[in-house]
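Reading through the structure tokens given below for one structure.
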Number of protein chains: 2
Amino acid sequence: MSSPKRTTVYDVAREAGVAASTVSRAFSNPRRVNATTRRHVLAVAERLGYHPSPLATALQSGRTATLAMLVPDIANPHFFGTIRGAERRATAADITFILGFTEESADTERDQIERLARSVDGFVLASSRMPDSTTADLAREHNLVLVNREVDGLPSVVVDNASGSAQIVDHLASLGHRSLVYLSGPHQSWLAGERWRALSAGAGRRGMGATRLGPFPPQVAGGGAAADAALVSGATAVVAHNDLLAIGILRRLAERGVQVPEQISVVGYDDIFGADFCVPALTTLAGPQEEAGRSAVEILLTTGSARADPESPRRVVLPSHLVIRDSTGPAPDPGR
Amino acid sequence: MSSPKRTTVYDVAREAGVAASTVSRAFSNPRRVNATTRRHVLAVAERLGYHPSPLATALQSGRTATLAMLVPDIANPHFFGTIRGAERRATAADITFILGFTEESADTERDQIERLARSVDGFVLASSRMPDSTTADLAREHNLVLVNREVDGLPSVVVDNASGSAQIVDHLASLGHRSLVYLSGPHQSWLAGERWRALSAGAGRRGMGATRLGPFPPQVAGGGAAADAALVSGATAVVAHNDLLAIGILRRLAERGVQVPEQISVVGYDDIFGADFCVPALTTLAGPQEEAGRSAVEILLTTGSARADPESPRRVVLPSHLVIRDSTGPAPDPGR
DNA sequence: CAACATTTGGCAATCGCTTGCCATGTTTCG
DNA sequence: CGAAACATGGCAAGCGATTGCCAAATGTTG
């Protein structure tokens, strides 16, 4: 609180018998100063308890050594892994990690970016809700990396939806299901589109029917309506937009006395916390979330510093795998 | 990324025909400038797309308009609410919100504080793992507010453990249990101490026996050992350090074919995501987590600006309430 | 209408560090 | 051995605001 007097470069410089610029360089540009001098300066700094002021540094150099991650909602455990991966990578690189929530709103997201723009070197946007055009515009002004979202020309990290969804389809097909119903997430959700596309393509390939219902709010609370919609559609297998929704569906089906998986199979996406202990345990597509967060920050790090060729925005696709639990089973006998 | 040239106070000043200082005041000290002038300046600023540089502002003024929250681990859903409450309050006050994880380590926590010190106006420490003395030392240098932790003389927000634990004891007593076992969390955990203290005091008051076992890692994975320990102790009712542990216990008991609540009752703390859909649904002590985060930031906000009398550090105690679900039931007949 | 109080606005120093440019001291090499 | 090439360190000008202090303008009062 009370600042008797912060130690500055000048204090260290005086004490070490060198110029302030040398002290500065000892910290930020080691190769510009003699190794011995540097060691001495650092020692003096240590003794004086000196730490460069990140503010002053940022003001002058333009590098803030800070990055912000924007997430639609923390209440969705799906984001844990990604957040943690990003935070770890950032901290490891001595980068300060700002976290913001966008409340599932594109406007809030945009505002946050605007607000933080001057304080950070870049943004990690998880499951961004902004339309492509807005995102592309912002990318002209700011350093963006997308997670689970793709926009032409922008760096991104996504979990492989195509192959993942194909795994789901194959799993259901192998159990004898002749069709599936996708209970969709919000329609601004890029993921919802991707998943549906991949699911229906996969279904086509296996000669299965595929229907899309929704959109439903991608939360446990959305499960009620989703389950009922699935029921009237006569589906034998439903694929929920995410595990939150799937868990809500499971709950609603239990309430209505519908047996899972005997009467209907349920699949989710994300393998969130709880997917293994809900009842029945949920079959779901898992992806390396933490890795996704890590990668995104990685990209930001290299983009910013190495000023990588702007012609090749990075694009990382992470593998996904189906975790088979108890919510999927053989298709009910159509004869009955 | 390319910065053609940021607009500065000077640009606005020139364009508005006033001095830079006036522009600055128009933004940060409205009462020092004529209302009409101010409106004009703001209009020009708007037109030029000017936003004060937070860095420059912070450097000069010493106020960073930023705060950091440190949390042991994001993987524990218990922290969601608190994080979200804090973030919301901060964003509402136009304060940038930094989130850091301490990996359950006191050293990491301390390092993070040191690292961020110059960049923030204050810290919210959730379930801090640092010993009292360290915390008190740090508080001399930094603005700290504790959540679910108390240290003499420091501002804090806690969920009422005493009354909450009493509620648990009474609930169990009313079900005929003659004793309870507390499956403890880490012993650096202040909460673990508090809870045990409150539980054994409450048990004493009701003429019940109380035993403490552990410590166990406060995670689902810790449940295996905890459950087994509870079993050999012959307990009819166990109170787990938190819901994560309780869920792990439930799972282990199920594996071993022990009926809950027929043979043993299980209670948790926090009412986390998943506590309502695990099997059986968990009886647990719920608290207003989001409110806790909000309050903590609130305190930070007033402490910082109003320079409240340092003699009365704020202390907020939030009410808790027991959510009774299916994991608790009548004590098994001792005759059998 | 002069004298005094009160607002407002402007000047310039300052926050703590970075960095371009220049002046040394050292090496290297023909 | 002298010139060219490097390697280091220092000077000083910013980065973009804030703010103490002072002057000008405006309002009040006797």
Side-chain angles (χ1 to χ4, degrees), chain A residues 2-42 44-45 48-66 94 96 117-121 305, chain B residues 2-42 44-45 48-66 94 96 117-121 305:
Chain A
S2 55
S3 51
K5 206 62 191 168
R6 296 224 160 284
T7 48
T8 74
V9 260
Y10 296 104
D11 300 324
V12 179
R14 191 176 337 106
E15 189 72 14
V18 300
S21 51
T22 303
V23 176
S24 169
R25 290 197 184 98
F27 278 91
S28 52
N29 197 354
R31 37 203 296 95
R32 270 294 270 117
V33 53
N34 182 290
T36 318
T37 313
R38 170 148 196 268
R39 220 170 306 126
H40 176 222
V41 170
L42 259 33
V44 172
L48 264 46
Y50 165 79
H51 293 284
S53 151
L55 274 59
T57 303
L59 178 57
Q60 164 61 26
S61 71
R63 295 173 256 104
T64 60
T66 300
D94 248 299
T96 298
R118 316 272 307 244
S119 318
V120 306
D121 292 338
S305 63
Chain B
S2 55
S3 49
K5 205 61 190 168
R6 295 225 161 281
T7 48
T8 75
V9 260
Y10 297 103
D11 300 324
V12 179
R14 189 176 336 104
E15 190 72 14
V18 299
S21 50
T22 302
V23 176
S24 169
R25 290 197 185 98
F27 277 92
S28 52
N29 198 352
R31 35 200 300 92
R32 276 288 276 117
V33 53
N34 182 290
T36 317
T37 313
R38 171 149 194 266
R39 221 168 307 126
H40 176 223
V41 169
L42 260 32
V44 173
L48 265 46
Y50 166 79
H51 293 283
S53 152
L55 274 59
T57 302
L59 178 57
Q60 164 62 24
S61 71
R63 294 173 256 104
T64 59
T66 300
D94 248 299
T96 298
R118 316 273 309 243
S119 318
V120 306
D121 292 338
S305 64

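Lettering follows sequence order; numbering is per chain, from 1.
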| request: May I ask you to test the B:Val12-B:Arg14 pair for a side-chain heavy-atom distance under 4.5 Å? | output: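 The answer is no, as the side chains (C-beta and beyond) never meet within the 4.5 Å cut-off.
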| Can you tell if the side chain of B:Tyr50 reaches within under 4.5 Å of the side chain of B:Val9, non-hydrogen atoms only? |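 In contact.
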Atom of [X], atom of [Y] and distance for their closest heavy-atom approach:
X	Y	answer
B:Pro52	B:Thr57	CB-OG1, 4.3 Å
A:Ala16	A:Val44	CB-CG2, 3.8 Å
A:His51	B:Arg118	O-NH1, 3.0 Å
A:Ala19	A:Ala13	C-CB, 3.7 Å

Spacing between [X] atom [atom1] and [N] atom [atom2], to the nearest angstrom:
X	N	atom1	atom2	value
A:Leu55	D:dA17	CG	P	13 Å
B:Arg14	D:dG16	CZ	C1'	14 Å
B:Asn29	C:dG9	CG	P	12 Å
A:His51	C:dG16	NE2	C1'	15 Å

Distance (rounded to the nearest 0.5 Å) between [X] [atom1] and [Y] [atom2]:
X	Y	atom1	atom2	answer
B:Leu59	A:Gln60	CG	CD	10.5 Å
A:Leu55	B:Thr66	CG	OG1	8.0 Å
B:Glu15	B:His40	CD	NE2	8.0 Å

| said: Taking any heavy-atom pair under 4.0 Å as a contact, classify B:Tyr10: base, sugar-phosphate, or nothing. | reply: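 Base, at least one base heavy atom under 4.0 Å.
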| Can you tell me if B:Ser24 uses its side chain to pair, donor with acceptor, with the backbone of B:Ala20 under 3.5 Å? |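 No; judged by distance alone, with no hydrogens or angles, the pair does not exist.
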| task | Mind grabbing the angle between the end helix axes of the helix from C:dC1-D:dG30 to C:dG30-D:dC1? Five pairs an end, 10° rounding. | result |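 Rounded value for the end-axis angle: 30°.
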Nucleotide N/O to protein N/O under 3.5 Å, stretch nucleotides 8-10 of chain D:
unit_1, atom_1, unit_2, atom_2, d
D:dG9, OP1, A:Thr37, OG1, 2.4
D:dG9, OP2, A:Asn34, N, 3.0
D:dG9, O6, A:Arg32, NH2, 2.8
D:dG10, OP1, A:Ala19, N, 3.4
D:dG10, OP2, A:Ala19, N, 2.5
D:dG10, OP2, A:Thr22, OG1, 2.7
D:dG10, N7, A:Ser21, OG, 3.4
D:dG10, O6, A:Arg25, NH1, 3.4
D:dG10, O6, A:Arg25, NH2, 2.8

| Does B:Ser24 make a side-chain N or O approach to OP1 or OP2 of D:dA17 shorter than 4.0 Å? |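 No.
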| task | Please name the residue in the list A:Thr36, A:Leu42, A:Val41 that meets the side chain to side chain contact (heavy atoms under 4.5 Å, CB included) test with A:Arg38. | result |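 For A:Arg38, the side chain to side chain contact (heavy atoms under 4.5 Å, CB included) test succeeds with only one of A:Thr36, A:Leu42, A:Val41, which is A:Leu42.
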| task | For DNA chain D, find the residues of residues 56-65 of chain A with a heavy-atom distance under 4.0 Å and give them by number; none if there aren't any. | result |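 Listed by number, they are A:Leu59, A:Gln60.
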